[in-house]
Amino acid sequence: MEQNSTMLGKIIEVSCTIKSALKGKNFDVTLKPYLTVEEKRFAAAGDPCGCMEQYFTLNEDLKQMLESSKDSAKLDAMKRIVGMIAKGKNASELFPAVVKNVASKNIEIKKLVYVYLMRYAEEQQDLALLSISTFQRALKDPNQLIRASALRVLSSIRVPIIVPIMMLAIKEASSDLSPYVRKNAAHAIQKLYSLDPEQKEMLIEVIEKLLKDRSTLVAGSVVMAFEEVCPDRIDLIHKNYRKLCNLLVDVEEWGQVVIIHMLTRYARTQFVSPWKVDEVVDEYNENNFYESDEEQKEKDQKLKTTYTMDPDHRLLLRNTKPLLQSRNAAVVMAVAQLYWHLAPKSEAGIVSKSLVRLLRSNREVQYIVLQNIATMSIQRKGMFEPYLKSFYVRSTDPTMIKTLKLEILTNLANEANISTLLREFQTYVKSQDKQFAAATIQAIGRCATNITEVTDTCLNGLVCLLSNRDEIVVAESVVVIKKLLQTQPAHHGEIIKHMAKLLDNITVPVARASILWLIGEYCERVPKIAPDVLRKAAKNFTNEDDLVKLQILNLGAKLYLTNSKQTKLLTQYVLNLGKYDQSYDIRDRTRFIRQLIVPNEKSGALSKYAKKIFLAQKPAPLLESPFKDRDHFQLGTLSHTLNSRATGYLELSDWPEVAPDPSVRNVDVAETAKEWTGILSKPKMEKPTEKFYSESEEEEDESASTSSSGSGSDSESEKEDKEEGSTDESSGSSSPSEESTDSESDSRESAAKKTCRAVNESDSEDIKKKAEGVSKKRSTSSSSDTEYTSSDESSTGSKSESDSKSDSESGKCRNATSNKKEEKPVQDRKTPKNQDMFLLDLDDFCPVTTPVAVPRAAVLSPSLAADLEGLSLSSSSVIDVTTQVSVPTKTHELLHRMSGKGLAAHYHFSRQPGIFGDHMVPVQVTVTNTTDQKIENIHIGDKKLPPGIRMHEFNPIECLEPGGSFTATMGIDFCDSTQTASFQLCTKDDQFNVNIQPPVGELLLPVTMSEKDFKKEQGMLTGMNETSATIAVAPQNSARLVIIDRVVKAANLGVVPSGQDNIHRFAAKTVHSGSLMLVTVELKESSTAQLIINTEKTVIGSVLLRELKPVLSQGNSSHASVYIKCRCLIRSGE
Amino acid sequence: MCFQQKMIHSLFLINCSGDIFLEKHWKSVVSQSVCDYFFEAQEKAIDVENVPPVISTPHHYLISIYRDKIFFVSVIQTEVPPLFVIEFLHRVADTFQDYFGECSETAIKDNVVIVYELLEEMLDNGFPLATESNILKELIKPPTILRSVVNSITGSSNVGDTLPTGQLSNIPWRRAGVKYTNNEAYFDVIEEIDAIIDKSGSTVFAEIQGVIDSCIKLSGMPDLSLSFMNPRLLDDVSFHPCIRFKRWESERVLSFIPPDGNFRLISYRVSSQNLVAIPVYVKHMISFKENTSSGRFDVTIGPKQNMGKTVEGVVMTVHMPKAVLNMNLTATQGSYTFDPVTKVLTWDVGKITPQKLPNLKGMVNLQSGAPKPEENPSLNIQFKIQQLAISGLKVNRLDMYGEKYKPFKGVKYITKAGKFQVRT
């Protein structure tokens, strides 16, 4: 024992010396942390031996506790061990005792053991292996959280031997049903990669798979993994680009940051620069930067004959914009840098407001944001000019913040605001914080050089400062004045004289050196003073700083050349002093100068030119911002903050000259849909519903179709023009890619509908082209037909309008790809993807998957899959959308004939599913002509739809005879909300504002399912997804048929067969998102009933509950009340 | 080995005297000695406020924040957006605050196990995992005196055995199964005036920054919508993730399913076109004399445009120049203190009554021989006005959908001084 401790003592001693030796030299010392701890112990106790004993007994004690059978003792021990780890003490020798508890039933012990394992497994690899089997078992646990945490710990144990096990676990987890587990799989990818980079290829496969994941939970983590493992595989992003853009808002904040940074890099490789056009625009209206956006837009449009932004580029900009409102500074900064690097210059301005907002935040956030603003404000002053005052400095700001603010103020200075700024600077110069005051003087100097109008004012101001009491201020002023004078030395003899006087008082070397240099440089302007200055300087030469000595030598040399009569001796004296100076710099300089200026026989040809050498015109120094060249680093990055390349910094590439093929981002969902049945036989998908498609379609449509909001860009408006078939050529150019997205989304929609109307919106012309396309490629399925149609269309489209080269070029390019590429590989590529979608589907289906011990094999039996093959596209294995059970007869008035000038309109909900795509609620509108004249061209005009709501119009009614009526069907996607859709009903001459508000019951599609399935689904939608109410049911309503009839009339629900008489079940799913809506009516005794609604869409659920209540409780209200009255009478009669 | 390791590698907590009192590693262990670079920078900075948040060392980068007298120093190995780390560290500090009531060294040391469990949940492999307080509280229960007593007797734990459903649902900020007997929703509209007033009393810069802090204790899954009388006032807004952005864009209504408990709903800035009413004015006469090494100090604070409300909680702090040795003052109201070491003068005024304006007057003793201070010190003023939002913002109504009980609703307005500085 004693020997031991002495040994240890020695080791500690040695390590101490090493440490102290290394500390000074900026080495990154890696010492075992326990040594330092031990040091402390020894220092504290003074008696190393006793302390040692205590230490070991302490651990013995812990070991015993860990061996104990009581959980509380174990927990106590683990807590103490964690405490040791937290303080950096070594607890590794407890490893065997701790690792035994890895299988503990107690969750807290288990967690703490995990903590321990992650810390020490790397050091005790052999022992760590003991725990692996526990995790492997936990990976199969029915509880998703246990699976996830097992994967987390397993992948955090940095033991190379288990790499294959980790790989297997990651692969398994990446196709787990729970998005939470998949998220953890994405995290594990990075860990495995850092443990064993050899696994890269395999990991990329997993990443590729997870990138296709549609869960917002996974997106951030997998992009993180992508950035770490294979940031150069940009091709993996193509197919997921649009999805990522659309999901972005819903991803958690940390994921958003990572995704935005990645997409910035992506966009820089895929789109052409929007700035070239800007430059033209900027020239065009340089001075009216702040005119209203509309005007700007118009002008842009005029000029943008050659450039149209790729819709995908636009999509990214549009979808990141709302994130500027995030509470997370990192997200705001990420969006800001994205706009900076990607947006047209005229649009980048929107980020400034949000960045200025961040200045209210903590000092650290301020620091980073100000740095970025500093870089931005150099290039584009206009962005931050309106916020000038937000950068005013407060005396309480930390110095680093003050200097950054000052930097920005200086960058923003211009003729208009310089006088205000200078007044502000005056306050700063007097600041008690001298470092800041000095920086202010620099800033004034920069303003003076940049803005010629104020040069003189500034110079005078600075000269006043020369009489300041504070030396630092004076010194700084001298330096700045020196620089200023150099730019225009013509008439500043006075100032130079003044400064010469100062030399007696100033002690700061830089300032003294500056003055000496100035006098030397302009010695001809102050011929009387200069020699005297040299005399004084020579006297004090030995006491000066090196910097000053050099300048004295310079001054001597210059005077010798211009005024050798007076100064020859002085100069020689100085040179002699310099010859024996301690610093070899000065000796060197002395030797050099002597050879150059003192003519002797040995001196070479150079001495002739001495005067030219010394008194050459020197270029004035440029007073520049230190942030000048930081912009080659991507904003918001660590490299930008440090102004040096950090390890792992990924360069932002320059814009490509010609955009790479944009069609790579097209996602061909239509074809996937075709393959559904085929894939059904694959394992691992259980209950495909339409949700995935419907959602994606919705999103795509949203992105492709015009948003009526003000942010609409020109490219969008163009698109609108196209859609409406108007011939208005507001802008001559149309990019083919847009058209393709358009028609593509069409095709997708139509395929999803599984109707034969391939391209329903763009009419006859399209069909003709389609015919052409089909004749060329007849072989493929109908959905790929539409695909070809779209590509053909786009190419012809571009040819017909080939006014610009780029258009037709990209058109050709697309044509080629569509012909070659998309034929087969597309289908191949799709296959694995489907599988994924189904998985997701399921998760979306049951988001609160508490122990989903789904017996996989049972559900996935091949026979079942085979059974499913014949099912229609819109069906799922468990839940079928049925046709309506009942159609409510109630019609609602859309337009009264009085207000409609004789045109009356009514609507009712026809409950025919899926006429206009799956999100649309079909509405039958009956228009009646009550006048005695024809009404012509009845159509839908302007729509004022709340965001997200879309409408499929009916075809215009060309002519309605007097007294005649016509029924047309339209579709409205209410986005599962009861918001009102307002639009105009137009005739040839008039327009009427009308609106439709759906009862919540019409936002549903009935589904049939078995009672068993119902119960299962209900089991998953408990808790917050359940709303219930107890209602009084009038006795005459309690018959089964009555209840069904009433409920089904009130809401579009499907009846679920029920085994019990007193329980009635109904099921439906919402039209838009396909969420299940399960309604249970359970009759109880004494005329009450329990009404339960289970759904994810809690809001709709509760509204539905409210609407169903009266339906059941009173039924026909008058009847009920009469009935009650009767009973009362009878009673009183008694 | 040149593989990359991203994001946060390790975290060290360091107190003001330079002791590393907690360390946590998410990947392989980084030696404490890496903090030496930090100490070096700290020494150079003199002032804690001036320690640069980002420090580069030969093998690592250190990103740090300073909160409540603790440095949170994170070790980074590769390129990462620095704000990402800073924001996360602040979130960690917020969580400690939330759990232990304060984010102090003692609180952290006392709860080291919970701290460790929290850090473990918040970060996986250096990448943030669960940062929402509602979710964390489901995973790891915050300590209460009662619970710690119960735990020590029964041996049960702080670790939640129910699984956080929030993390997995599409409303990750709210925990499930919330139940209250009294359902309440309170909103505090707090506005702060940031201003710089120059010597002559005119406003150089003024701006209103507001927040709405909510305390919502509602059962189930309430869906709230909060509307304002004059939403156009709000110029720039940042939202809690629960708010539906589209509703705000189209209707200027805040529609959200709230987290449970206390949280910041929005923060906003009032459009800069609006002139800001400054509620107080300050008359000041501060002068230093060269030869007698003394000076005069005379400050009066008065109310102005306070819309009939009393200005209260008035406190004035002044950082006097270094040359000031002592101050000999008399206050007509409240009390003052002067700390000769930090040279900070604090005058706690209290309420201002227009009849008798508070005044602080007296002599300043300067260090003899030292040059007289160049500049007069700026006065930092704090004040509070209850029941007033200085911008005029008014909450119109709060509606609740999705639940059937009637909640108790309340809105409170407060105006405060933010960074309110008077130059003299």
Side-chain angles (χ1 to χ4, degrees), chain A residues 28-31 33 71-72 79 82-83 86 88 107-108 111 115 122 145 152 180 187 190-191 194 197 224 228 254 257 322 325 327-330 333 353 357 360 364-365 367-368 389 392 394-395 398-400 430 432 469 636-638 641-642 646-649 847-848 947 1023-1024 1098-1099 1102, chain B residues 3-6 22-23 28 31-33 36 49-50 53-54 56 58-59 61 65 78-84 86-87 112-113 116 120 124-125 127-128 155 157 159 161 163 165 168-169 176-177 196 205 209 221 223 236-240 245-246 250 269 321 371 374-375 378 401-402 419 421:
Chain A
D28 204 352
V29 195
T30 322
L31 285 173
D71 270 2
S72 58
K79 281 184 174 170
V82 168
I107 294 186
E108 185 157 24
K111 272 197 169 179
V115 169
E122 202 173 2
L145 278 147
R152 242 173 91 187
Y180 186 66
H187 285 230
Q190 308 165 48
K191 298 184 211 167
S194 71
M224 190 66 228
E228 185 147 331
W254 312 108
V257 179
Q325 249 65 48
R327 64 171 171 170
N328 188 320
M333 190 65 232
K353 194 191 270 181
R357 184 185 69 226
R360 277 278 294 183
E364 295 87 9
V365 174
Y367 176 74
I368 306 288
K389 287 193 171 170
Y392 278 9
R394 289 184 173 76
S395 61
T399 310
M400 59 178 186
K430 283 188 264 169
Q432 291 174 36
R469 209 178 305 265
T637 59
L638 185 62
T641 297
L642 296 168
T647 3
Y649 173 74
V848 200
M1024 61 178 187
T1098 43
V1099 180
S1102 55
Chain B
F3 51 83
Q4 300 182 354
Q5 292 208 316
K6 288 239 173 183
L22 188 114
E23 62 178 68
S28 51
S31 155
Q32 285 195 347
S33 60
D36 292 345
E49 289 273 278
N50 273 317
V54 183
S56 168
H59 299 293
Y61 304 97
I65 64 160
T78 51
E79 173 62 53
V80 63
L83 273 184
F84 185 97
I86 289 170
E87 187 77 28
V112 94
V113 173
Y116 242 66
E120 196 65 58
D124 179 24
N125 192 38
F127 191 78
S157 69
V159 177
D161 38 9
L163 307 163
T165 42
L168 310 166
S169 80
I196 301 175
F205 165 77
Q209 303 273 359
M221 270 288 154
D223 192 331
D236 184 32
V237 195
S238 77
F239 297 127
H240 189 276
F245 184 73
K246 281 191 172 164
S250 58
R269 197 171 56 201
E374 195 101 19
E375 184 202 29
S378 315
Y401 306 98
K419 296 173 180 167
Q421 200 159 77

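Convention: sequence-line order gives letters A, B, ...; per-chain numbering from 1. Values below: every heavy atom of this structure, side chains too, minus hydrogens, waters and symmetry copies.
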Which atoms of [X] approach chain A - backbone, side chain, both or neither, heavy atom under 4.5 Å:
X         : answer
Asn50(B)  : both
Phe245(B) : side chain
Ile86(B)  : side chain
Glu87(B)  : both

Taking salt bridge (charged side-chain N to carboxylate O under 4.0 Å, His left out) as the test, write out the residues that go with Glu364(A), two or more places apart.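 By the salt bridge (charged side-chain N to carboxylate O under 4.0 Å, His left out) rule, Glu364(A) matches no residue at all.
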
Listed by chain and number, what are the salt bridge (charged side-chain N to carboxylate O under 4.0 Å, His left out) partners of Arg394(A), not counting sequence neighbours? none

Ion pair present between Lys353(A) and Asp236(B), side-chain N to carboxylate O less than 4.0 angstrom? no

Indicate yes or no: at least one non-hydrogen side-chain atom of [X] is less than 4.5 angstrom from one of [Y].
X         : Y         : result
Pro81(B)  : Met333(A) : no
Ile196(B) : Lys389(A) : no
Val54(B)  : Ile368(A) : yes
Leu642(A) : Tyr61(B)  : yes

Quick one: what part of [X] sits under 4.5 Å from any heavy atom of chain B, side chain, backbone, both or neither?
X         : value
Val365(A) : both
Tyr649(A) : both
Glu122(A) : side chain
Thr641(A) : side chain

Hey, what's the ring geometry for Phe205(B) with Tyr392(A), parallel, tilted or perpendicular (30° and 60° as the breaks)?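 Geometry flag for Tyr392(A) against Phe205(B): tilted rings.
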
Minimum heavy-atom separation for [X] and [Y], please, with both atom names.
X         : Y         : answer
Glu79(B)  : Ala646(A) : OE1-CB, 3.7 Å
Met400(A) : Pro53(B)  : CE-CD, 3.7 Å
Val112(B) : Ala86(A)  : CG2-CB, 3.7 Å
Asp124(B) : Lys191(A) : OD1-NZ, 2.9 Å

Within this structure, what is the CG-CG distance for the pair Leu83(B) and Leu638(A), rounded to the nearest 0.5 Å? 11.0 Å

Donor-acceptor check, side chain of Gln421(B) to backbone of Ser395(A), threshold 3.5 angstrom: yes or no? yes

